[in-house]
Amino acid sequence: MVGLFAAQDAQQHAPGEFALLPHGLAHGGEVGQLGHRVVVAADDGEVVGDAQAGAAQSADGAQGDLVGVGVDGGGGLGLAEEEGTTASRSRARRALRTRRWAGWLFALPALAFYGVFNFRPVLMSIQYSFYDWDGVGASTWVGLKNYTEVFTDHEQLSSLLHAFYLIVFFTVLPLVLALITASVLRELQGRLTGALARTLLFLPQIIPGAAAGVAWTWMYSDNGVVNQFLRAVGLGSLARPWLADFTWALTAVGFIGTWLSTGLCTMLLLAGIGKIDGSLYEAARIDGAGPLRQFRAVTLPGLRNEIGVCVTITIIAALASFDVVYLSTQGGPGTQTMVPGVAVYNLAFNDSRLGAASALAVVLTLIVIAVIAPLQRLFREK
Amino acid sequence: MPARTLRRRAPGLVLIAAAALYSVVPLLSMVSAALAPQGSFPSGLSWPTHPHWHNFVDAWNVANITTLLKSSTLIVLGVVPVAVLISTMAAYAIAVLEIPLGRIFYTVLVLTLTLPYEIVIVPLYEQSKAMGLLGSQWALILPLIGLNMPFAVFWMRAHFANVPKELNEAAGMDGAGPWRALVHIHLPLARPAIASLALLMFLSTWNQFLLALVLIDDPDKRTMAGALQAFTTKYSTDQVLLNAGALLIMAPTILVFLFLQRHFVKALLQGSVKG
């Protein structure tokens, strides 16, 4: 997902910087396993620009047997018209149109898989959410009842609130830590330390989230590292089984998210900071800007894109978390660490209440969109 | 001079060391527990004076690692090549062939890029049940291909949109059809993008937990991550075996990552040299 923005970034530069693309991609390596996808609103301006360029080229190539470059609208053909006879022109146009539609043969398999296993299920979820259904018997239409339950049922409502609380640990804390690390490390270009650090910082992103849940269950256990550390520094009175503690369990789960996100954000920001023109810092220094001013005036604006990626990915990870929570606490103790993902799973596959589960899933999805969409705009504007 | 450089670099080095340490401590703690004598109650982080390496062999057997490796590999081989192929073809059709309505298709894909898996699990379960796939690896393979489409097409379109248009013209002049143009001209250029996409999909598939848990009842047929849940429930009291097993389950992705890390660094360096 990181690559999304990186790739887009590369896209915005001219062909001369084409070789930079793999650079962006390389940092995408840690994305997929978050299991969530990041929206990047189509950049209309750019798409339109593409289409125009394509049309212009088709104009040149229309008489030559140009393969594959279609014409959007009549603009391109209009030019070709001047040179061809009416008959050959309409034949050429028909052939071109057939060829363009034939191009769908390339896209059909993707469309089929997407339609059946992605788009249709989304629509079905919305449909289910208006019914009472146990998955076996008949279903009854209940209107908005499942939705009112989402906001009145304690477990479901608190799961949504917990998801927002987790953003502090999945997003805010890692971002702050990453910004500090990245700006301090700006001048550190050592190759060996860089490679070693990259490997270690990426590790939390590489292992399955479920395994992170197991690792931290052990870290937080009675004689795990956290308590061991507290006892070693004389704070033994604070030691407790963290994930079983009613007050601290959710925060403890949150710090697992911090562990998962920090390395990723650090690497992202480090890559971004390397792209900032060094002369900007020079100029700021000459203007008498101290390190803090330099950070505010040069680093932050220069990292806008990367910060956007980091924030987007981690917010989705926080709101839609499942793996880590399911394997560390299953939502307990009580419902102290219940998150929407686990609640949806329980409603559907333990309580057989598919309608209620779908309604919560739909609400969660709408929340994700409502949070992410404005962020996209915020981080994309120049 | 070197002393001054060192002093200037020291805070950075300390910071990066702390960050790296923070990343690995949970894993080291697991290793230290996994090497303790079985049945003992290890403490968080201790130097194993008498490491019991044999624990890993036992964990390998009780966690059914051989079966899980086969199952995960099967799932990855079912998902990644197909998903890479059809998403590349679709992105090519959208960006290069500029098929009619292609931009609408692309916009829909991009709009669903952000949806959490929670919204598809219930219908996917019902759908797999209706198709009679439930319980087999197909129940996971087919949906994962579909669910990967938005990101994969997005990724490959970003690549194709970057390819200079002159390339298509050249292909057209040579009389190459769209298929030959794709195979002989575009695919060789797209190799870095495809390799990264394949790696990303390998990771997300191998680590897939929620869908594996929902769509496959038999833990032995799940992904390795999906099987973790059954394993932890069974051995939740035996910290030693639990940690050894969990380490084995996460080892393959770590190994692949360590191995491919070099390729990435190389690609990165080449990229900057060319740029």
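Chain letters run A, B, ... following the sequence lines, proteins first, then strands; residues in each count from 1.
Comparing B/Pro143, B/Ala20, B/Ala246 by how many heavy-atom pairs each has under 4.5 Å with chain A, the most go to B/Pro143. Interface remark: of the candidates A/Thr365, A/Val344, A/Leu105, A/Thr217, A/Thr365 forms the most heavy-atom pairs closer than 4.5 Å to chain B. Chosen from B/Ala18, B/Ala90, B/Ser23, the residue pairing most often with chain A at heavy-atom distances under 4.5 Å is B/Ser23. Between chain A and the options B/Ile94, B/Leu142, B/Ile254, B/Leu228, heavy-atom pairs under 4.5 Å are most frequent for B/Leu142. Of the listed residues (A/Leu123, A/Leu327, A/Leu347), the one with the most heavy-atom contacts under 4.5 Å to chain B is A/Leu327. The greatest number of non-hydrogen atom pairs below 4.5 Å with chain B, out of A/Thr266, A/Leu111, A/Ile369, A/Leu360, is found for A/Leu111. The choice from A/Gly103, A/Ala348, A/Ala110 that makes the most heavy-atom pairs within less than 4.5 Å of chain B is A/Ala110. Each of B/Thr88, B/Leu213, B/Leu242 has some count of heavy-atom pairs under 4.5 Å with chain A, and the biggest count is that of B/Leu213.
For B/Leu182, the part lying near chain A is the side chain, with the backbone staying farther off; criterion is any non-hydrogen pair under 4.5 Å. Interface remark: A/Leu177 contributes no atoms to any contact with chain B (heavy atom separation under 4.5 Å). Contact of B/Ile249 with chain A is not made at all, since no heavy-atom distance falls under 4.5 Å. Both the backbone and the side chain of B/Val108 come within contact range of chain A, with heavy atoms under 4.5 Å apart. For A/Trp101, the parts sitting under 4.5 Å from any heavy atom of chain B are the backbone and the side chain alike. Residue contact with chain A, scored on non-hydrogen atoms closer than 4.5 Å, involves the side chain of B/Tyr125 exclusively. Looking at B/Met89, both its backbone and its side chain come within 4.5 Å of chain A, counting heavy atoms on both sides. Proximity to chain B involves both the backbone and the side chain of A/Val122, based on heavy atoms less than 4.5 angstrom apart. For a residue to count as touching a neighbouring chain, one of its non-hydrogen atoms must lie under 4.5 Å from one of that chain's; by this rule A/Ala357 touches chain B with the side chain only. Neither the backbone nor the side chain of A/Val226 comes within contact range of chain B, judged by heavy atoms closer than 4.5 Å. With a 4.5 Å cut-off on non-hydrogen atoms, B/Pro42 touches chain A through its backbone and its side chain both.
A/Asn227 contributes a side-chain N or O that, together with a main-chain N or O of A/Ser221, makes up a donor-acceptor pair within less than 3.5 Å. With A/Asp323 contributing its side chain and A/Gly213 its backbone, the two residues share no donor-acceptor pair below 3.5 Å. When atom types are taken as modelled, the side chain of B/Ser29 and the backbone of A/Met219 share no donor-acceptor pair closer than 3.5 angstrom. Between the side chain of A/Trp218 and the backbone N or O of B/Pro26, no donor-acceptor pair lies under 3.5 Å. At distances below 3.5 Å, not a single donor-acceptor pair connects side-chain atoms of B/Trp206 with backbone N or O atoms of B/Met224. With hydrogens and angles disregarded, a donor-acceptor distance shorter than 3.5 Å links the side chain of B/Thr232 to the backbone of B/Gln229.
Aromatic ring pairs are classed by plane angle as parallel below 30°, tilted from 30° to 60° and perpendicular above 60°; the pair A/Tyr326 and A/Phe322 is parallel. In this structure, A/Trp104 and B/Phe105 have tilted ring planes: the angle between them lies in the 30° to 60° band.
A/Tyr114 and B/Thr112 form a side-chain donor-acceptor contact under 3.5 Å, judged by distance and modelled atom types alone.
A search for side chain to side chain contact (heavy atoms under 4.5 Å, CB included) contacts involving B/Ala93 returns A/Phe106, A/Ala107, B/Leu97, B/Ile99, not counting sequence neighbours. Applying the side chain to side chain contact (heavy atoms under 4.5 Å, CB included) test to B/Leu21 and every residue at least two apart in sequence or in another chain returns B/Val25.
Note on B/Glu98 versus B/Lys165: salt bridge recorded, some NZ/NE/NH1/NH2 to OD/OE distance being below 4.0 Å.
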